[in-house]
Amino acid sequence: MSEDSATTFQGAVLDELGDDKVREIAGLLGTDEAVARDVVDTTAAALSGEAAAAEPAQTPPEAPLWGVATLGGFATGGVMAGVLAKASKPVANAVAKKTGLPPAAVARVVEMLVPVVLTVLTKRAAQKK
């Protein structure tokens, strides 16, 4: 995924969350909204990297999530949902280490973000068709 598409992806995750959820995340983390947005950005980047790593090797670099439909789709709890769920703990640990925030709080936020990331990935995959 290029830097521009990653940035756009992270923005799409923030848009999907909305201001209310960002405030909720800030509350969970015991921090302000700016830090919460940084945590969301970092988490979205890490989770989208996990999704890209799970794609077939022949996936064109500018077509993230090629073949999503053949993997069972996200809404039905497909393979990618499982990949992201398995990645959530290592991602939470990495984000907590990077930010210095409590690992338990970051883990709750990452779990909250997995369905949002799946939603954004699903929308992007549908647009690529």
Side-chain angles (χ1 to χ4, degrees):
M1 199 177 302
S2 73
E3 186 67 32
D4 288 339
S5 64
T7 302
T8 303
F9 178 78
Q10 292 159 347
V13 170
L14 282 166
D15 289 346
E16 189 71 30
L17 273 175
D19 292 338
D20 289 342
K21 285 292 185 188
V22 171
R23 279 190 287 279
E24 182 180 339
I25 289 169
L28 283 171
L29 296 173
T31 190
D32 62 27
E33 289 182 40
V35 172
R37 288 178 190 280
D38 287 342
V39 169
V40 171
D41 281 350
T42 303
T43 302
L47 289 174
S48 66
E50 291 292 330
E55 293 176 35
Q58 72 275 19
T59 302
E62 291 303 316
L65 301 176
W66 172 82
V68 167
T70 64
L71 295 174
F74 296 124
T76 60
V79 171
M80 294 305 288
V83 168
L84 293 180
K86 286 181 183 179
S88 67
K89 185 173 181 172
V91 166
N93 290 336
V95 172
K97 186 175 182 176
K98 181 178 179 179
T99 62
L101 293 167
V106 174
R108 284 190 302 251
V109 170
V110 171
E111 288 173 8
M112 177 189 286
L113 290 176
V114 167
V116 177
V117 168
L118 288 171
T119 298
V120 172
L121 292 173
T122 300
K123 288 179 180 180
R124 285 183 158 219
Q127 291 172 349
K128 294 286 182 182
K129 289 184 178 182

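- Of the inter-residue distances, the one linking I25 atom CD1 with M112 atom CE reads 5.5 Å to the nearest 0.5 angstrom.
- The shortest non-hydrogen separation linking A44 to F9 is O-CE2, 3.6 Å.
- Minimum interatomic distance between E16 and T119 (heavy atoms only, all atoms of both residues): OE2-CG2, 3.5 Å.
- Here the CG atom belonging to L29 is positioned 10.5 Å from the CD atom belonging to E24, to the nearest 0.5 angstrom.
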| task | With side-chain contact (heavy atoms from CB on, under 4.5 Å) as the test, would you mind laying out the steps for V40 and L113 before giving the verdict? | result | CA-CA 8 Å; V40 171; L113 290 176; 4.1 Å; yes
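- When side chains are defined from C-beta on, V109 does not count as touching V95, because their heavy atoms never get closer than 4.5 Å.
- Here the shortest heavy-atom pairing between P103 and A96 reads CA-CB, 3.7 Å.
- Salt bridge absent: R108 and E111 never bring a charged side-chain N and a carboxylate O closer than 4.0 Å.
- Put simply, NZ on K21 and CG on L28 are 9.0 Å apart, with the number rounded to the nearest 0.5 Å.
- Using a cut-off of 4.0 Å between Lys/Arg side-chain N and Asp/Glu carboxylate O, D32 and R37 are scored as not salt-bridged.
- Closest non-hydrogen pair, A107 versus A92, comes out as CA-CB, 3.6 Å.
- Annotation for Q10 and A45: closest pair NE2-CB, 2.7 Å, computed over non-hydrogen atoms.
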